[in-house]
Novice: 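First the structure, then my questions, so here it is.
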Amino acid sequence: MTVTRFAPSPTGYLHIGGLRTALFSWLYAKHTGGTFRLRIEDTDMARNSEEALAAIIEAFDWVGLSYEGEVVYQSKRFDIYKKYIDQLLAEGKAYKCYMDKEELDALREEQMARKERPRYDGRYRDFTGTPPVGREPVIRIKAPQEGMIYFTDGVKGEITIAASEVDDFIIARSDGTPTYNFVVAVDDALMGLTHVIRGDDHLYNTPKQIVVYKALGFKIPHFYHVAMINNEQGKKLSKRDGATDVMEYKKLGFLPEALLNFLVRLGWSHGDQEIFSLDEMIALFDPKDINRSASNYNLDKLMWLNAHYIKNTPNEKLAQLLKPFGVDISEHDKLELLLDATKERGKTLVELAEQIKLILHTPETYDEKAVQKAFKGDAKEILADFSAMLQGWERELHLPCDYHEVLEHFVSSKEIGFGKIGMPLRVSLLGSMTGSGLDEIMSILGMQETVARIQKVIDMVE
RNA sequence: GGCCCCAUCGUCUAGCGGUAAGGAUCCCAGGUUUUCAUCCUGGUUACAGGAGUUCGAGUCUCCUUGGGGUCACCA
């Protein structure tokens with residue numbers, strides 16, 4: 001049974017890089033019929049924040065990732081860690097180190113001065129004397145002093161790191177609280193993790209965690225270290241590069257399925273396939289197909305995917321999604337027509353909302369260039385004639401094809417080209433030269449409003 | 001700086017010793033559309049460099065270069 005997890009530290013919002021590793025972990029659990037767990041890495045009491053945790057859960061909710069079981073809070077498991085630390089102490093696999101921070105800093109400076117790698121020198125490793133008085137020790141674990149630590153990474157392959165690179169690192173602070181590399185290993189083991197998928201910034205933590213696994217006799221899971229997502233210039237992704245907070249994408253009018261599809265294709269692929277529904281991702285995702293190199297964030301591709309998903313979202317649902325963007329058309333009797341006429345013209349919900357507002361509201365302003373171009377010559381007269389024809393039309397006007405019939409009849413009887421009436425008509429209806437089809441717009445507006453908008457322009461234009 | 005990882009079109013990627021190096025995005029051109037968008041068709045652009053191994057290297061090895069990560073009583 002596969003068990004994967006996402007283990008963020010609650011220090012900020014959910015980053016899109018974090019969402020991708022969470023997605024990979026979640027997909028693999030689903031793919032194998034296993035479980036996906038959520039654990040909060042909050043052992044540093046000074047840096048926790050309730051809001052951050054809420055933000056992470058909110059983002060999970062929005063994109064539709066679900067975790068199984070209770071959320072594990074490391075801050076509530078200190079007694080468990082304490083037990084294992086005592087065990088290691090009793091077995092001689094860990095020891096108390098009485099060096100304080102000042103001494104440690106001094107040691108580091110010496111080593112740096114000698115151009116050596118700063119590392120703990122192991123001076124208390126076999127200490128048997130009388131400890132300094134009035135000083136609370138930290139607990140260090142005994143790491144192997146020679147040889148190699150090796151493991152197989154599911155993404156990178158065989159990784160070997162000299163044991164000399166890993167020093168006797170601290171597993172418990174002088175105040176007794178355990179540290180990251182220790183609790184991660186303990187919890188991953190206790191939670192029964194079979195596959196650990198995480199960012200490759202954790203690659204160097206892995207040998208340390210393996211030291212803990214071995215000392216405690218735990219089974220070592222499979223590791224997958226996923227390369228980072230960089231910005232469009234190939235540099236580290238930062239807030240300056242735009243949205244890094246997952247929830248920011250919601251505000252910008254992105255659909256969660258587009259964001260997920262975008263992220264899953266960053267570092268993972270399945271042949272030439274670009275579009276993946278969640279079910280397809282689950283069916284096809286295998287961590288062995290994760291790419292070893294870093295990838296660049298690419299807004300164009302995200303936009304394209306978002307446009308694709310907007311086009312393929314049912315109108316009813318789109319109407320609901322549009323509400324936070326200032327457009328409530330859920331009760332509109334021409335809802336279907338309205339969205340069919342606009343959904344191919346917006347790459348985001350924000351843009352789609354703008355398109356809809358253009359139709360819903362009588363134009364307050366008119367694009368100057370469009371007016372100049374469209375109202376040369378006898379455009380006003382033509383518009384007036386067309387308006388009259390609409391009003392005098394003997395049959396009821398409802399569907400786009402009804403209006404189309406009027407338009408066709410108009411140009412043929414007047415012996416003019418479509419452009420003669422098309423341009424000024426579009427400007428009168430939308431205030432702009434571009435936009436949805438005229439037949440659709442008039443059908444949505446109805447004859448009365450169409451006539452009113454034409455009249456408004458006629459009255460206004462000199 | 002030490003250690004570790006990475007390297008195919010601008011970008012995301014396919015490739016798994018023998019291909020005219022494929023797809024997607026972007027961009028450009030044409031078509032459809034009374035406009036715009038969508039959609040369709042076509043086009044430009046890539047194996048970082050250098051040595052090997054091999055009958056034959058994008059694919060294997062080494063070096064160089066260039067990126068990235070990491071070196072806490074943070075996670």
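Because only heavy atoms are used, hydrogens play no part in the values below, and waters and symmetry mates are left out as well, while side chains stay in. Note that this is a predicted model, so its numbers are computed, not measured. Numbers restart at 1 for each chain; the letters A, B, ... are given by sequence-line order, proteins then strands.
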Novice: Report yes or no: is there a donor-acceptor pair, N or O only, under 3.5 Å between the side chain of Asn205(A) and the base of A75(B)?
Specialist: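 Side chain to base: pair present.
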Novice: With sugar-phosphate meaning primed atoms plus P, OP1 and OP2, does Gly267(A) contact a base, only sugar-phosphate, or nothing at under 4.0 Å between heavy atoms?
Specialist: sugar-phosphate
Novice: Please say which of Phe262(A), Phe285(A), Trp268(A) ends up in a ring pair (Phe, Tyr, Trp, His ring centres under 6.0 Å) with Phe276(A).
Specialist: Trp268(A)
Novice: Can you name the one residue among Arg119(A), Arg117(A), Arg125(A), Arg123(A) that meets salt bridge (charged side-chain N to carboxylate O under 4.0 Å, His left out) with Asp121(A)?
Specialist: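 Among the candidates, only Arg123(A) passes.
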Novice: Is the distance from OP1 or OP2 of A14(B) to the nearest side-chain N or O of Ser269(A) less than 4.0 Å?
Specialist: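 True: Ser269(A) side-chain N/O within range (under 4.0 Å) of A14(B) OP1/OP2.
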Novice: Under 4.0 Å between a side-chain N or O of Arg173(A) and OP1 or OP2 of A75(B)?
Specialist: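 It does, given that an N or O in the side chain of Arg173(A) lies less than 4.0 Å from OP1 or OP2 of A75(B).
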Novice: Between Ser293(A) and Leu104(A), which has a closest nucleotide on RNA chain B that is more 5'?
Specialist: Ser293(A)
Novice: Cationic tip of Arg198(A) within the cone over Tyr224(A)'s six-membered ring, i.e. under 6.0 Å and within 45° of the normal?
Specialist: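 That pair does not qualify as a cation-pi contact.
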Novice: Among G22(B), C5(B), C73(B), which nucleotide sits nearest the side chain of Asp272(A)?
Specialist: G22(B)
Novice: Let me know, please, whether Arg345(A) or Tyr297(A) comes out on the 5' side of the other along RNA chain B by nearest nucleotide.
Specialist: Tyr297(A)
Novice: Within the pair Arg426(A) and A37(B), is there a side-chain N or O less than 4.0 Å away from OP1 or OP2?
Specialist: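 Looking at the OP1 and OP2 atoms of A37(B), neither is under 4.0 Å from any side-chain N or O of Arg426(A).
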Novice: Looking at Thr43(A), does any N or O in its side chain come under 4.0 Å of the phosphate oxygens OP1/OP2 on A75(B)?
Specialist: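 So the side chain of Thr43(A) is within the cut-off, an N or O lying under 4.0 Å from OP1 or OP2 of A75(B).
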Novice: When you check the phosphate oxygens OP1 and OP2 of C12(B), does a side-chain N or O of Asn296(A) lie under 4.0 Å from one of them?
Specialist: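 Checking C12(B) against Asn296(A), a side-chain N or O does come within under 4.0 Å of OP1 or OP2.
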Novice: Taking the side chain of Thr434(A) as its heavy atoms from C-beta onward, which of C36(B), U70(B), U13(B) lies nearest to it?
Specialist: C36(B)
Novice: Has the side chain of Lys156(A) got a donor or acceptor that lies under 3.5 Å from a partner of the other kind on the base of C5(B)?
Specialist: no
Novice: Do the side chain of Gln273(A) and the main chain of Ile275(A) share a donor and acceptor less than 3.5 angstrom apart?
Specialist: yes
Novice: Could you tell me whether the phosphate oxygens of A72(B), OP1 or OP2, come under 4.0 Å of any side-chain nitrogen or oxygen in Arg108(A)?
Specialist: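 For Arg108(A), the contact criterion (side-chain N or O under 4.0 Å from OP1 or OP2 of A72(B)) is met.
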Novice: Is the phosphate of C39(B) approached by Lys311(A) (side-chain N or O, under 4.0 Å from OP1 or OP2)?
Specialist: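 Yes, because at least one side-chain N or O of Lys311(A) sits under 4.0 Å from OP1 or OP2 of C39(B).
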Novice: I need the CH2-P distance between Trp268(A) and A14(B), as an integer number of Å.
Specialist: 11 Å
Novice: Using a 4.0 Å heavy-atom cut-off, does Thr160(A) contact any base of the nucleic acid, only the sugar-phosphate backbone, or nothing at all?
Specialist: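 Touches sugar-phosphate only.
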